[in-house]
Amino acid sequence: MNSLMSKKYQVAVDGFSSCGKSTLAKQIAQLLGAVYIDSGAMYRAIALIALRNNCVEKDSVNKDCLKPLVENVKIEFQPSDNHLILNGEDVELEIRGKEVASHVSEVAKHGFVREKMVKMQQDYSLTNSVVMDGRDIGTHVFPNAEVKLFLTADPEVRAQRRFDELKEKGMEQPFEEVLENIKQRDEADQNREIAPLRKADDATIIDNSVMSREQQLEHALQIIYVKLGEAL
Ligand code: DC
(Lines give C-alpha, C1' and ligand atoms only; values in the text may rest on other atoms or scores of the structure.)
Protein backbone atom coordinates (compact mmCIF):
# COMPACT_ATOMS: atom_id res chain seq x y z
CA MET A 1 0.00 0.00 0.00
CA ASN A 2 2.80 2.46 0.87
CA SER A 3 4.12 2.57 -2.67
CA LEU A 4 0.63 3.55 -3.80
CA MET A 5 0.40 6.34 -1.29
CA SER A 6 2.47 8.75 -3.36
CA LYS A 7 -0.67 9.42 -5.40
CA LYS A 8 -3.02 11.95 -3.85
CA TYR A 9 -6.38 10.69 -2.62
CA GLN A 10 -9.39 11.83 -0.64
CA VAL A 11 -11.24 10.10 2.16
CA ALA A 12 -14.67 11.60 2.94
CA VAL A 13 -16.15 10.96 6.39
CA ASP A 14 -19.73 12.28 6.52
CA GLY A 15 -22.54 11.77 8.96
CA PHE A 16 -24.75 13.18 11.68
CA SER A 17 -23.65 15.57 14.44
CA SER A 18 -21.60 14.07 17.28
CA CYS A 19 -21.14 10.72 15.61
CA GLY A 20 -17.42 10.59 16.27
CA LYS A 21 -16.52 11.64 12.74
CA SER A 22 -13.62 13.83 13.77
CA THR A 23 -12.11 11.24 16.11
CA LEU A 24 -12.24 8.62 13.39
CA ALA A 25 -11.06 10.95 10.62
CA LYS A 26 -8.10 12.12 12.74
CA GLN A 27 -7.06 8.54 13.48
CA ILE A 28 -7.31 7.57 9.81
CA ALA A 29 -5.32 10.62 8.68
CA GLN A 30 -2.58 9.89 11.16
CA LEU A 31 -2.31 6.25 10.14
CA LEU A 32 -2.30 7.08 6.43
CA GLY A 33 -0.02 10.11 6.75
CA ALA A 34 -2.69 12.33 5.18
CA VAL A 35 -3.86 15.80 6.23
CA TYR A 36 -6.97 15.91 8.42
CA ILE A 37 -9.51 18.67 7.74
CA ASP A 38 -12.47 19.30 10.05
CA SER A 39 -14.96 21.02 7.73
CA GLY A 40 -17.49 21.49 10.55
CA ALA A 41 -14.93 23.61 12.39
CA MET A 42 -14.85 25.92 9.37
CA TYR A 43 -18.62 26.48 9.50
CA ARG A 44 -18.31 26.98 13.25
CA ALA A 45 -15.64 29.63 12.61
CA ILE A 46 -18.03 31.49 10.30
CA ALA A 47 -20.75 31.28 12.95
CA LEU A 48 -18.28 32.77 15.42
CA ILE A 49 -17.49 35.66 13.07
CA ALA A 50 -21.21 36.23 12.58
CA LEU A 51 -21.83 36.34 16.33
CA ARG A 52 -18.84 38.54 17.10
CA ASN A 53 -19.86 41.06 14.45
CA ASN A 54 -23.54 41.07 15.37
CA CYS A 55 -24.58 39.59 12.03
CA VAL A 56 -27.09 37.26 13.74
CA GLU A 57 -30.44 38.87 14.50
CA LYS A 58 -32.72 36.65 16.53
CA ASP A 59 -32.27 33.39 14.62
CA SER A 60 -31.50 34.71 11.17
CA VAL A 61 -28.33 35.89 9.52
CA ASN A 62 -27.90 39.39 8.13
CA LYS A 63 -26.28 38.52 4.82
CA ASP A 64 -25.06 42.05 4.06
CA CYS A 65 -23.22 42.04 7.35
CA LEU A 66 -21.69 38.59 6.97
CA LYS A 67 -20.82 38.51 3.25
CA PRO A 68 -17.76 40.81 3.30
CA LEU A 69 -16.42 39.03 6.38
CA VAL A 70 -16.72 35.65 4.65
CA GLU A 71 -15.13 36.96 1.46
CA ASN A 72 -12.02 38.02 3.33
CA VAL A 73 -11.80 35.22 5.85
CA LYS A 74 -8.61 33.24 6.35
CA ILE A 75 -8.92 29.79 7.88
CA GLU A 76 -5.96 27.57 8.64
CA PHE A 77 -5.41 24.46 10.72
CA GLN A 78 -2.42 24.40 13.05
CA PRO A 79 -0.51 21.25 12.06
CA SER A 80 0.62 20.37 15.62
CA ASP A 81 -2.87 20.04 17.14
CA ASN A 82 -5.40 20.75 14.35
CA HIS A 83 -6.61 23.90 16.12
CA LEU A 84 -8.54 26.21 13.84
CA ILE A 85 -6.81 29.54 13.24
CA LEU A 86 -9.30 32.21 12.20
CA ASN A 87 -7.70 35.31 10.69
CA GLY A 88 -4.55 34.53 12.67
CA GLU A 89 -6.30 33.77 16.01
CA ASP A 90 -6.62 30.36 17.66
CA VAL A 91 -10.39 30.05 18.25
CA GLU A 92 -10.53 26.30 18.90
CA LEU A 93 -12.18 26.63 22.30
CA GLU A 94 -14.73 29.26 21.28
CA ILE A 95 -15.98 27.39 18.22
CA ARG A 96 -16.87 24.38 20.41
CA GLY A 97 -19.08 26.46 22.74
CA LYS A 98 -22.83 26.54 23.12
CA GLU A 99 -23.41 29.89 21.38
CA VAL A 100 -21.68 28.74 18.22
CA ALA A 101 -23.32 25.30 18.31
CA SER A 102 -26.77 26.82 18.43
CA HIS A 103 -26.21 29.17 15.47
CA VAL A 104 -23.97 27.17 13.17
CA SER A 105 -26.69 25.37 11.19
CA GLU A 106 -28.37 28.69 10.40
CA VAL A 107 -25.08 30.16 9.17
CA ALA A 108 -24.08 27.00 7.25
CA LYS A 109 -27.23 26.95 5.15
CA HIS A 110 -26.34 30.05 3.11
CA GLY A 111 -25.00 29.62 -0.41
CA PHE A 112 -22.31 32.30 -0.12
CA VAL A 113 -20.95 30.67 3.02
CA ARG A 114 -20.96 27.17 1.54
CA GLU A 115 -19.38 28.24 -1.75
CA LYS A 116 -16.47 29.86 0.03
CA MET A 117 -15.95 26.93 2.43
CA VAL A 118 -16.17 24.31 -0.34
CA LYS A 119 -13.61 26.22 -2.43
CA MET A 120 -11.23 26.38 0.54
CA GLN A 121 -11.79 22.67 1.26
CA GLN A 122 -11.06 21.71 -2.33
CA ASP A 123 -7.95 23.90 -2.34
CA TYR A 124 -6.57 22.09 0.73
CA SER A 125 -6.63 18.88 -1.30
CA LEU A 126 -4.62 20.24 -4.23
CA THR A 127 -1.30 19.62 -2.54
CA ASN A 128 -2.12 16.86 -0.06
CA SER A 129 -4.00 13.65 0.40
CA VAL A 130 -6.80 14.56 2.78
CA VAL A 131 -9.19 12.94 5.20
CA MET A 132 -12.08 15.36 5.61
CA ASP A 133 -15.10 15.02 7.85
CA GLY A 134 -18.40 16.85 7.44
CA ARG A 135 -21.86 16.56 5.98
CA ASP A 136 -21.44 17.06 2.23
CA ILE A 137 -17.89 15.90 1.59
CA GLY A 138 -18.80 12.75 -0.37
CA THR A 139 -21.74 14.41 -2.14
CA HIS A 140 -20.41 17.89 -2.97
CA VAL A 141 -16.87 18.70 -1.92
CA PHE A 142 -15.21 15.53 -3.25
CA PRO A 143 -17.80 13.65 -5.32
CA ASN A 144 -14.96 11.54 -6.73
CA ALA A 145 -13.32 10.71 -3.40
CA GLU A 146 -11.62 7.33 -3.42
CA VAL A 147 -13.24 6.44 -0.08
CA LYS A 148 -16.58 7.61 1.31
CA LEU A 149 -17.74 6.67 4.79
CA PHE A 150 -21.09 7.67 6.30
CA LEU A 151 -21.27 7.51 10.08
CA THR A 152 -24.43 7.23 12.09
CA ALA A 153 -25.50 6.39 15.66
CA ASP A 154 -28.63 6.71 17.80
CA PRO A 155 -29.30 10.33 18.89
CA GLU A 156 -29.21 9.40 22.61
CA VAL A 157 -25.85 7.70 22.21
CA ARG A 158 -24.50 10.74 20.37
CA ALA A 159 -25.88 13.14 23.01
CA GLN A 160 -24.23 11.12 25.80
CA ARG A 161 -20.87 11.23 23.99
CA ARG A 162 -21.16 14.97 23.40
CA PHE A 163 -22.25 15.52 27.02
CA ASP A 164 -19.16 13.63 28.26
CA GLU A 165 -16.89 15.54 25.89
CA LEU A 166 -18.21 18.94 27.01
CA LYS A 167 -17.91 17.93 30.65
CA GLU A 168 -14.31 16.89 30.13
CA LYS A 169 -13.59 20.32 28.64
CA GLY A 170 -15.25 22.03 31.61
CA MET A 171 -18.14 23.22 29.42
CA GLU A 172 -20.89 21.08 30.97
CA GLN A 173 -24.49 21.45 29.76
CA PRO A 174 -27.66 19.62 30.84
CA PHE A 175 -28.07 16.32 28.93
CA GLU A 176 -31.54 17.28 27.63
CA GLU A 177 -30.15 20.49 26.16
CA VAL A 178 -27.35 18.62 24.40
CA LEU A 179 -29.82 16.07 23.00
CA GLU A 180 -32.17 18.82 21.80
CA ASN A 181 -29.32 20.64 20.04
CA ILE A 182 -28.28 17.42 18.28
CA LYS A 183 -31.85 16.75 17.12
CA GLN A 184 -32.28 20.30 15.89
CA ARG A 185 -29.01 20.16 13.96
CA ASP A 186 -29.93 16.79 12.40
CA GLU A 187 -33.19 18.31 11.25
CA ALA A 188 -31.59 21.51 9.92
CA ASP A 189 -28.67 19.72 8.24
CA GLN A 190 -30.91 17.21 6.45
CA ASN A 191 -33.51 19.69 5.33
CA ARG A 192 -31.52 22.69 4.17
CA GLU A 193 -31.83 23.53 0.50
CA ILE A 194 -28.16 23.63 -0.43
CA ALA A 195 -26.01 20.52 -0.02
CA PRO A 196 -28.15 18.85 2.67
CA LEU A 197 -26.75 16.04 4.76
CA ARG A 198 -27.27 12.78 2.95
CA LYS A 199 -25.34 9.62 2.26
CA ALA A 200 -23.61 9.56 -1.12
CA ASP A 201 -24.82 6.61 -3.19
CA ASP A 202 -21.36 5.07 -3.14
CA ALA A 203 -20.64 5.68 0.56
CA THR A 204 -20.33 2.86 3.09
CA ILE A 205 -22.48 3.24 6.23
CA ILE A 206 -20.92 2.67 9.63
CA ASP A 207 -23.43 2.62 12.50
CA ASN A 208 -21.27 2.96 15.59
CA SER A 209 -24.03 2.99 18.24
CA VAL A 210 -22.62 -0.14 19.84
CA MET A 211 -19.05 -0.06 18.55
CA SER A 212 -16.02 0.94 20.57
CA ARG A 213 -13.64 3.46 19.00
CA GLU A 214 -11.15 0.66 18.38
CA GLN A 215 -13.75 -1.53 16.64
CA GLN A 216 -14.86 1.39 14.53
CA LEU A 217 -11.31 2.22 13.47
CA GLU A 218 -10.59 -1.39 12.58
CA HIS A 219 -13.78 -1.62 10.54
CA ALA A 220 -13.11 1.68 8.75
CA LEU A 221 -9.52 0.71 7.95
CA GLN A 222 -10.66 -2.55 6.37
CA ILE A 223 -12.95 -0.58 4.07
CA ILE A 224 -10.31 2.05 3.32
CA TYR A 225 -7.56 -0.39 2.42
CA VAL A 226 -9.84 -2.21 0.00
CA LYS A 227 -11.09 1.02 -1.62
CA LEU A 228 -7.67 2.66 -1.84
CA GLY A 229 -6.18 -0.56 -3.14
CA GLU A 230 -8.76 -0.60 -5.92
CA ALA A 231 -8.47 3.08 -6.73
CA LEU A 232 -4.74 3.87 -6.61
O1 DC B 1 -19.25 18.57 12.48
P2 DC B 1 -19.73 19.73 13.37
O3 DC B 1 -20.78 19.34 14.35
O4 DC B 1 -18.60 20.45 14.00
O5 DC B 1 -20.42 20.74 12.33
C6 DC B 1 -20.97 21.96 12.76
C7 DC B 1 -22.10 22.38 11.84
O8 DC B 1 -21.57 22.73 10.57
C9 DC B 1 -23.17 21.33 11.57
O10 DC B 1 -24.32 21.58 12.35
C11 DC B 1 -23.51 21.47 10.12
C12 DC B 1 -22.42 22.30 9.54
N13 DC B 1 -21.62 21.57 8.54
C14 DC B 1 -22.02 21.62 7.24
O15 DC B 1 -23.05 22.21 6.94
N16 DC B 1 -21.26 21.03 6.28
C17 DC B 1 -20.14 20.40 6.58
N18 DC B 1 -19.40 19.85 5.62
C19 DC B 1 -19.73 20.31 7.92
C20 DC B 1 -20.50 20.90 8.89
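Every number for a ligand or one of its atoms is a count from 1 in the order of the listing. Every heavy atom of this structure was used, including side-chain atoms; hydrogens, water molecules and symmetry mates were not.
- Residues Glu172 and Lys98 are not paired through a salt bridge, judged by the lack of any N-O separation under 4.0 Å between the basic side chain and the carboxylate.
- Among residues at least two apart or in separate chains, side-chain hydrogen bond (donor to acceptor under 3.5 Å, both in side chains) pairs with a member in residues 34-46 are Tyr36-Asp133, Asp38-Arg96, Tyr43-Arg114.
- Using a 4.0 Å cut-off between a side-chain N of Lys or Arg and a carboxylate O of Asp or Glu, Arg162 and Glu165 qualify as a salt bridge.
- Under 4.0 Å from any atom of ligand 1, one finds heavy atoms of residues Ser39, Gly40, Tyr43, Arg44, Val104, Ser105, Ala108, Arg114, Gly134, Arg135, Asp136, Ile137, Arg185, Asp189, Arg192.
- The disulfide bond (SG atoms under 2.5 Å apart) analysis of residues 57-126, with sequence neighbours excluded, yields the pairs Cys55-Cys65.
- The backbone N or O of Ala200 lies less than 3.5 Å from no partner atom in the side chain of Lys148, so there is not a single donor-acceptor pair.
- Scanning for salt bridge (charged side-chain N to carboxylate O under 4.0 Å, His left out) contacts around Lys109 gives Glu106, with sequence neighbours left out.
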